[in-house]
Amino acid sequence: MIWAMFAEAWHAMGANRLRTFLTMLGMVIGVGAVILMLSIGQGTQQRIQDSINSMGANLFIILSGSNVAGGVRGGSGNVPTLTLQDAQALAELPAIAAVAPVSPGQAQMVYGPNNWNTTVMGTTADFLKVRDWPLKEGDTFSELDLRSATRVAIIGKTVAENLFGDENPVGKTMRIRNSPFLVIGVLASKGQSLDGRDQDDTVLVPVTTAQRKLFGTRFAGTVRYIMVEAKSAELMARAENQMNDLLRQRHRINRPEDDDFTVRNLTALADTAADTARTMSLMLGAIASVSLVVGGIGIMNIMLVSVTERTREIGIRMAIGARRRDVLGQFLLEAVLISLIGCLIGVLFGVGGGLLASHLAGLSVIISAGPIILAFAVAAAIGIFFGFYPARMAANLKPIEALRYQ
Amino acid sequence: MSATDVIRITHLGKDYDTDAGPVTVLRGISFSIHEGEFVAIMGPSGSGKSTLMNILGCLDTPTSGEYVLNGHSVSELDHDQLANLRNRVIGFVFQGFNLLQRATLTENVALPLVYRGVARHERNAKAESLLGKVGLASHVRSYPNKISGGQQQRVAIARSLVGDPRLILADEPTGNLDTHTSQEIMDFFTRLNREDGITVVVVTHEHDIAAYAQRLIRLVDGKIAYDGPAAAGLHEHAEVSS
Ligand SMILES: Nc1ncnc2c1ncn2[C@@H]1O[C@H](COP(=O)(O)OP(=O)(O)O)[C@@H](O)[C@H]1O
Ligand SMILES: [Mg+2]
């Protein structure tokens, strides 16, 4: 009986192939769009989550300057007001786990015939702790390196690849701004940052070396910014207060409006970014679902036409003993089959489109079973929902009236 | 009435609602048909023969009166029970054949069994054996539009028989067929009636077709004008009209 019904439905669908195909197309596009959007959305969320994880946990950044809009001090970081001593003092605070002052600058570097231009960051050994950034090879800076401003460097993977190729950089000497630097370590790969930059394209040197030997500054002893890791997520708020209090005290500031520094909670910013991405991907999915509903309406439309066209056939079937539920089942099955087959093709297109998007456009795409299973469930539901009305119309026909229909 | 009445109708009336108001087509018809009878229904065009047959076939419902089929009052049955009667008790043969054009002859004949949940190979075996019985063994895989009208009507008859009904209702089964083919069809009905004891009711307006029956019911203007032995009825009519 079930197989007979499938065969009937298959027959009926084959009887008007173009129409069946066009009806399916609505589902194909709807499901394809939903799968594609959800895959891209999930991929984007994953990428953002990876970036956030690679950033380091419970992270603050302290910038020079006030963030009070329109203030006389201008934008954050215009005039360097943070010093190495500020960083050392911050490290003593009870809620704080690690502190890394940073003095960055662009520099040209050379090794043998290769040269490369990238950001060199003057910092301390704690930078690796703050950023949860392990070394792949070699060692970090020693106290001595920091105190005596030694010319040593830790390089990121991208720099290692571009300057040293297959060679092991550790122990080799490269030139940064024409000064020789001994490579003492290579960083593990971190991938992209939240704003899409290659985090592995970087070089770390002792902050003192950067200040005295690479990027001389009018404001001796200052740093561009300080990265701070709190001891735990629960201590974030307390850490922020302690830092504000300490820096105001050190900079002799009485009122918060006069702050010459800005403390930013990077972890909170990152969480906001992740939330935004989640919302975006839900919205994309929701917009794509609209086309699914449109596809469902297409099915209903065609099923209504089909019932009208096949009224006589329905009459014949009833005359030889088809019950209402047989007729209902037949048309419902047809609607669900159209919907499910359309869904299957749509899933193939969605997955194919996702793979294409990740290969050609470099988008992050995650294809998981969840949305695909969901798509099939929704397609079946759409087939039943939009097929029910036409099917019931067919089932409720009176045998003699259906037979008389021309 | 006797216990072996297959059909019993009493004061059966049927009105059609038309744009010009209700039209009365059947005006209080009563008769019984016993098991194993071969009845011809005659009457001028528009006298209500098809209307009556559709009601007897449980395809339509009367406006008034009672119809008892196999001891069940049809007006008290629900949709499923009516479908069941159409499927198991009645074999209906239409003037216009009413075959499914998209289905093979075997599928057409087997269709009533689909609605009984009979397995495919069993259905097809039975359908093919019936197609053999009506002389279409070599056409089982072909489609209705590939065969002649006489052959199509034989397919329709095979379909009406596939469910082993006790009652065949045929509304002008030979109306679209030539004389020779008509005789073959009527011979077939006669055999079914004599050999298998199946009750046969045939609507026709041809005397030589009606002559196959034992009993004749003549409808005129929605009323019974004659109900009796076919031979006498046909003779009487021939005298009246001459
Ligand atoms: N569905 C209908 N609606 C209105 N009038 C109908 C309908 N079917 C039949 N009639 C009318 O009922 C009368 C009897 O029709 P019918 O039973 O087909 O007669 P017969 O089969 O004896 O020629 C005719 O006048 C016909 O026009
Ligand atoms: Mg008629």
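By convention in this document, chain letters (A, B, ...) are assigned in the order of the sequence lines, proteins followed by strands, and residues within each chain are numbered from 1. Side-chain atoms are counted along with the backbone in the values below, which use heavy atoms only and exclude waters and symmetry mates.
- Atom CZ of B/R120 is surrounded by 12 or fewer heavy atoms from other residues, nucleotides or ligands within 6.0 Å.
- Distance CE/A/M318 to CG/B/L82: 11.0 Å, rounded to 0.5 Å.
- Side-chain contact annotation: A/R323 with B/N84, donor-acceptor N/O pair under 3.5 Å absent.
- When the shell of 6.0 Å around OH of B/Y67 is examined, it contains more than 12 heavy atoms from other residues, nucleotides or ligands.
- Considering every non-hydrogen atom in both A/A319 and B/R86, the closest pair reads O-CB, 3.5 Å.
- The greatest number of non-hydrogen atom pairs below 4.5 Å with chain B, out of A/R325, A/R317, A/E313, is found for A/R317.
- For CZ of A/F385, the number of neighbouring non-hydrogen atoms (other residues, nucleotides, ligands) closer than 6.0 Å is 12 at most.
- Only the side chain of B/N54 comes within less than 4.5 Å of a heavy atom of chain A; its backbone N, CA, C and O stay farther away.
- Top candidate by heavy-atom pairs under 4.5 Å with chain B, chosen from A/A12, A/G315, A/G14, is A/A12.
- The candidate with the highest count of non-hydrogen atom pairs below 4.5 Å against chain A, out of B/L113, B/T61, B/D80, is B/D80.
- Annotation: B/H11, atom NE2; neighbour count of heavy atoms from other residues, nucleotides and ligands within 6.0 Å does not exceed 12.
- For the atom pair A/R312 CZ and B/L100 CG, the distance stands at 10.5 Å (nearest 0.5 Å).
- Most heavy-atom pairs under 4.5 Å with chain A: of the set B/G57, B/S160, B/A83, B/G96, this distinction falls to B/A83.
- Around the CE atom of A/M393, the shell of radius 6.0 Å holds more than 12 heavy atoms that belong to other residues, nucleotides or ligands.
- The distance from atom CD of A/E8 to atom CD of B/E107, rounded to the nearest 0.5 Å, is 7.5 Å.
- The contact between B/R102 and chain A is made by backbone and side chain atoms together, counting heavy-atom distances below 4.5 Å.
- Here CG of B/N108 is found 8.0 Å from CD1 of A/I316. Values are rounded to the nearest 0.5 Å.
- Within a 6.0 Å sphere centred on CZ of A/F376, heavy atoms belonging to other residues, nucleotides or ligands number more than 12.
- Rounding to the nearest 0.5 Å gives a distance of 7.5 Å between NE2 of B/H79 and CG of A/N396.
- Sparse packing is recorded around OH of A/Y389, with 12 or fewer heavy atoms of other residues, nucleotides or ligands lying under 6.0 Å away.
- Considering every non-hydrogen atom in both B/Y115 and A/A322, the closest pair reads CZ-CB, 3.5 Å.
- At a 4.5 Å heavy-atom cutoff, the contact between B/R159 and chain A is made by side-chain atoms alone.
- With rounding to the nearest 0.5 Å, the separation of CG in B/N87 from CG in A/D326 is 9.0 Å.
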